[in-house]
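Here the structure comes first, spelled out in structure tokens, and everything after it is commentary.
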Amino acid sequence: MLFASRSFCCLGIRTYQLRTDLLSRSIKLSASATMTFRHKNTRRIEGLDSNVWVEFTKVAADPSIVNLGQGLPDISPPDYVKEELAKAAAVDRLNQYTRGFGHPSLVKALSQVYERVCGRKIDPFTDILVTVGAYGSLFSTIQALIEEGDEVIIIEPFYDCYEPMVKMAGAKPVFIPLRYVFNREELQVIADLCIKHDTLCISDEVYEWLVYKGNKHIKIATLPGMWERTVTIGSAGKTYSVTGWKLGWSIGPQNLIKHLQVVHQNTLYTCPTPLQEALAQAFGIDYKRMDDPDCYFYSLSRELESKRDRMAQLLQEAGLKPVIPDGGYFMIVDVSTLNVDLSDVDEKQPYDYKFVRWMITSKKLSAIPLSAFCGPETKRQFEKYIRFCFIKKDSTLDAAEVILKNWNKQTA
Amino acid sequence: MLRRVGPSLRHFLLERKSSAGYSSYSSEEKMSRPVQARRLEGIDKNIWVEFVKLAATYSTVNLGQGFPDFPPPDFLKKAFVRALSGENHMLHQYTRGFGHPPLVKILAQFFGKLLGRDVDPMTNVMVTVGAYQALFCCFQAFVDEGDEVIIIEPFFDCYEPMVKMAGGMPVFVQLRPKAPKDGQLMSSADWQLDPAELASKFSERTKAIVLNSPNNPLGKVFSREELEFIADLCVKHDVLCISDEVYEWLVYDGKEHIRIASLQGMWDRTVTIGSAGKSFSATGWKVGWTVGSNRLLQHLRTVHQNSAYHCATVAQEAVAQGFQRELELYGKPESYFIQLPKELQQKRDWLVQSLDAVGMKPIIPEGTYFLVADISEFKSDVPDVPDSDEPYDSRFAKWMVKNKGLAAIPLSAFYCGAHKNNYNHFIRFCFAKEEATLKAANDILQKWKREKTSP
């Protein structure tokens with residue numbers, strides 16, 4: 001592997017030399033010919049332009065389609081969260097720039113909550129960075145700590161942005177398929193490997209509060225030897241059902257977080273102030289009731305568990321085989337039993353992409369193809385699965401039920 | 001997870017025995033190189049982190065960092081509250097990644113009018129997390145290792161580290177002050193590029209030039225002739241123009257802000273950047289945008305969808321409504337884009353008088369809400385320290401905030417390392433402040449002057 005990474009670096013240098021040759025030839029050509037060349041994109045984004053969401057989120061704009069695709073709630077955020085935002089926006093100073101690495105009241109609130117969860121001291125100013133969504137945290141972490149010649153292990157299926165972000169940093173993704181949910185033993189195996197090989201762990205825990213009965217979310221950073229090598233990522237959007245606020249955070253040891261802060265100060269510098277203030281207040285409210293079942297972290301989870309069960313039932317009644325999740329608000333379903341023949345449609349596309357497009361058009365129900373969350377080698381293995389999002393209000397699930405019930409009644 | 005060196009994972013999975021409790025392995029091998037990526041080399045320092053902290057700790061009057069201490073206009077605040085509390089609670093969820101439809105549509109209309117061309121909201125406009133992120137997307141999309149990017153000094157400090165982070169080479173060219181006419185105060189118009197010098201900076205490796213007009217920190221508003229000269233060089237050398245126009249509305253004395261993208265041959269090679277924070281006095285909302293040809297914007301979209309992806313929905317909705325109002329009132333006296341510069345011009349004139357009266361020599365800005373003053377005759381309290389690494393103006397500004405409670409930013413912060421001592425006796429004030437703040441600043445300055453001149 002050492003040999004492999006060195007040769008990868010050499011390839012990079014040769015490519016650069018080739019490009020400078022091209023450049024010196026190009027100045028002899030006419031302006032219009034060089035115009036095409038000059039306006040070319042950088043190498044770092046080559047091949048990263050396509051994105052499953054660009055296609056499938058357009059669906060959200062069509063009200064006639066029952067949208068169980070993109071992971072966004074159509075339930076309202078809790079009232080107190082909206083009220084805190086209104087209060088924050090009324091304060092003049094809170095409409096101007098705040099501290100770049102995170103609004104003071106927010107980083108303090110986050111350190112309070114996570115100190116309690118992790119059982120260790122977390123400095124709000126050195127161990128936390130507030131970012132534009134967990135997405136921004138992933139980007140900052142990867143840009144800060146990963147570069148050309150590095151390899152990054154990604155467990156499949158995976159949230160699709162990991163792969164392009166790793167590539168944009170010049171590194172190589174290495175895919176490992178998941179076979180079961182992480183319990184403590186499995187996390188320990190991963191932790192042991194990280195320690196043995198002195199690797200870092202980027203732990204995306206945006207759904208940390210959404211775990212269902214009989215399951216416990218274990219933060220890998222709390223395992224021995226892991227705090228110093230782990231960046232843990234969280235999300236306001238998923239915690240408080242406000243995906244449109246685009247606030248997330250990275251928590252970890254100062255010697256890692258300081259590099260994320262450098263990326264942040266050179267990418268967007270600071271996140272919106274009133275949203276951060278409102279989030280700080282909301283965390284304050286829920287921190288006080290963390291021993292209380294009414295705490296939103298637990299009440300949302302209970303609400304979603306019953307939606308999960310309902311969704312599973314609807315799918316089973318339609319003759320489908322859902323994979324029942326222990327956490328999060330997505331459900332994967334094997335649609336092969338429906339025997340929808342799409343062989344006359346574009347062969348090159350994975351079956352699940354074709355199925356979802358067909359389902360949107362003919363059944364007015366949307367989902368996301370699972371192969372969007374797979375590396376290139378495994379896409380074909382998972383192409384009979386689609387992903388439904390169930391953080392939806394009752395009327396949306398009712399509408400989905402009607403479609404699924406009528407599915408078998410219609411002739412092909 | 002990230003793996004750097006070592007045998008394959010499969011090899012270790014096979015070796016693995018079942019475990020309970022924590023691993024007995026210890027990390028024998030220290031990381032052979034720094035944990036952080038090389039792209040962060042040389043970009044970790046940041047003037048704002050230091051000066052914002054100093055202002056927060058010591059200042060009673062903060063004319064340092066560029067943000068208003070007055071609120072955004074009522075119509076905008078109301079729009080924000082309507083968006084967050086209205087019936088449509090989906091405004092708290094993700095919107096379109098490249099820009100909330102109502103916002104990109106109104107921006108397309110508005111800027112189409114200003115640029116005199118059809119601007120398509122879906123392909124010619126992209127919303128970003130402040131103009132700052134727009135700049136980041138431009139550098140990441142277009143600057144490869146070894147590409148040169150021309151930056152005009154003094155410059156908004158983030159351009160240099162962003163170019164470096166993209167692997168590019170910043171090439172600096174200075175605005176040089178010409179002596180003003182006798183008895184007159186200097187104007188930002190007196191700081192000019194030497195045409196031959198600028199032309200000499202373009203090489204076959206030049207990928208882009210960054211233009212910031214109106215200019216932060218000087219307040220210079222580039223004239224049509226100056227912009228045409230730059231445009232001609234861009235066309236001749238086939239170079240992109242990243243045009244940071246966040247202060248586009250803040251121009252004084254009847255001056256006109258000219259958009260370089262509207263000049264001959266420039267639309268196809270220019271990305272124009274704007275800011276709701278500066279346009280609507282709401283810097284804390286972090287809503288910015290890029291306008292340009294699809295051929296350029298497609299690559300900004302790629303960077304954006306792989307870095308931040310979405311911007312906050314509620315803020316975008318409110319800004320869209322703000323622009324709707326401005327479109328309807330365009331050119332009329334009630335337009336915020338007319339009222340704001342009018343008010344700021346008065347504040348500018350007030351600060352100019354204030355500084356002139358105590359012997360700091362202000363350079364009258366044609367635009368922005370910044371003003372640079374020459375402190376060479378005022379500086380006696382803070383002695384020169386020969387062979388000091390830190391530029392004089394930086395030490396002066398730090399001394400001033402700690403001892404006088406007045407925060408300002410040293411001009412050397414807006415120069416590259418090699419040129420920091422060329423202009424080290426100027427400091428930058430922000431005058432987007434309430435009258436009371438400017439009066440308090442005046443009081444501090446007057447008192448200071450009295451203390452210096454009294455025995």
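Keep in mind that the numbers below use all heavy atoms, side chains included, and drop hydrogens, waters and symmetry copies. The sequence lines fix the lettering, A, B, ..., with proteins before strands; numbering per chain opens at 1.
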Options [options], ranked by heavy-atom pairs under 4.5 Å with chain A, top entry:
{"options": "B:F67, B:F136, B:Y94", "result": "B:Y94"}
{"options": "B:P161, B:C137, B:A141, B:G167", "result": "B:A141"}
{"options": "B:P72, B:G130, B:C158", "result": "B:P72"}
{"options": "B:A208, B:S281, B:G97, B:A315", "result": "B:S281"}
{"options": "B:H89, B:H299, B:K286, B:Q93", "result": "B:Q93"}
{"options": "B:V287, B:V49, B:D69, B:T128", "result": "B:V49"}

Taking atom CD of A:E228 as the centre, report whether more than 12 heavy atoms of other residues, nucleotides or ligands fall under 6.0 Å from it.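 Enclosed.
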Other residues, nucleotides, ligands: >12 heavy atoms within 6.0 Å of A:R184 CZ: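 Result for CZ/A:R184: open.
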Given heavy-atom pairs under 4.5 angstrom as the criterion, report whether the side chain, backbone, both or neither of [X] touches chain B.
{"X": "A:I75", "value": "backbone"}
{"X": "A:T270", "value": "both"}
{"X": "A:T230", "value": "neither"}
{"X": "A:I142", "value": "backbone"}

Go through the atoms of [X] and report whether side chain, backbone, both or neither lie under 4.5 Å from a heavy atom of chain A.
{"X": "B:V129", "value": "both"}
{"X": "B:K164", "value": "neither"}
{"X": "B:I43", "value": "both"}
{"X": "B:P68", "value": "both"}
{"X": "B:S307", "value": "both"}
{"X": "B:F98", "value": "side chain"}

So, taking the atom named [atom1] in [X] and the one named [atom2] in [Y], what distance separates them when rounded to the nearest 0.5 Å?
{"X": "B:L84", "Y": "A:K82", "atom1": "CG", "atom2": "NZ", "value": "8.5 Å"}
{"X": "A:Q261", "Y": "B:D44", "atom1": "CD", "atom2": "CG", "value": "11.5 Å"}
{"X": "A:L145", "Y": "B:L40", "atom1": "CG", "atom2": "CG", "value": "8.0 Å"}
{"X": "A:L72", "Y": "B:H310", "atom1": "CG", "atom2": "NE2", "value": "8.5 Å"}
{"X": "B:I47", "Y": "A:Q265", "atom1": "CD1", "atom2": "CD", "value": "11.5 Å"}

A side-chain contact here means heavy atoms from C-beta on lying under 4.5 Å apart; do [X] and [Y] qualify?
{"X": "B:E145", "Y": "A:R43", "value": "yes"}
{"X": "A:N51", "Y": "B:Y309", "value": "yes"}
{"X": "B:W285", "Y": "A:N95", "value": "yes"}
{"X": "B:M90", "Y": "A:D74", "value": "yes"}

So, [X] side chain and [Y] main chain: donor-acceptor pair closer than 3.5 Å or not?
{"X": "A:Y135", "Y": "B:Q305", "result": "yes"}
{"X": "A:T42", "Y": "B:V143", "result": "no"}
{"X": "A:N266", "Y": "B:M165", "result": "no"}
{"X": "A:Q96", "Y": "B:T283", "result": "yes"}
{"X": "B:Q133", "Y": "A:T267", "result": "no"}
{"X": "A:R44", "Y": "B:Q140", "result": "yes"}
{"X": "B:R39", "Y": "A:I146", "result": "yes"}
{"X": "B:T302", "Y": "A:I45", "result": "no"}

Heavy atoms only, distances under 4.5 angstrom: which of [options] has the most pairs with chain B? Name it, please.
{"options": "A:T131, A:V242, A:D79", "answer": "A:V242"}
{"options": "A:S76, A:S241, A:S50", "answer": "A:S76"}
{"options": "A:A169, A:S203, A:G136", "answer": "A:A169"}
{"options": "A:L268, A:L48, A:V262", "answer": "A:L268"}

Could you report the tightest heavy-atom contact between B:G284 and A:P274, atom names first, then the distance?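 Shortest heavy-atom separation between B:G284 and A:P274 comes out as O-CD, 3.6 Å.
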For a quick test of reading the model, state the closest non-hydrogen atom pair linking B:V303 to A:M168 and the distance between them.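 Shortest heavy-atom separation between B:V303 and A:M168 comes out as CG1-CE, 4.0 Å.
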Identify the residues of residues 83-91 of chain A whose heavy atoms come closer than 4.5 Å to a heavy atom of chain B, ordered by number, or report 'none'.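 Under the 4.5 Å heavy-atom cut-off, A:L85, A:A86, A:A89 qualify.
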Which word best sums up how the rings of A:Y269 and B:Y132 line up, parallel for under 30°, tilted for 30 to 60°, or perpendicular for over 60°?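 Perpendicular: the ring planes of A:Y269 and B:Y132 meet at over 60°.
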How far apart are the C-alpha atoms of B:Q36 and A:N255, what are their side-chain angles, what is the distance that settles it, and do they pass the side chain to side chain contact (heavy atoms under 4.5 Å, CB included) test? CA-CA 9 Å; B:Q36 74 274 20; A:N255 69 293; over 6 Å; no
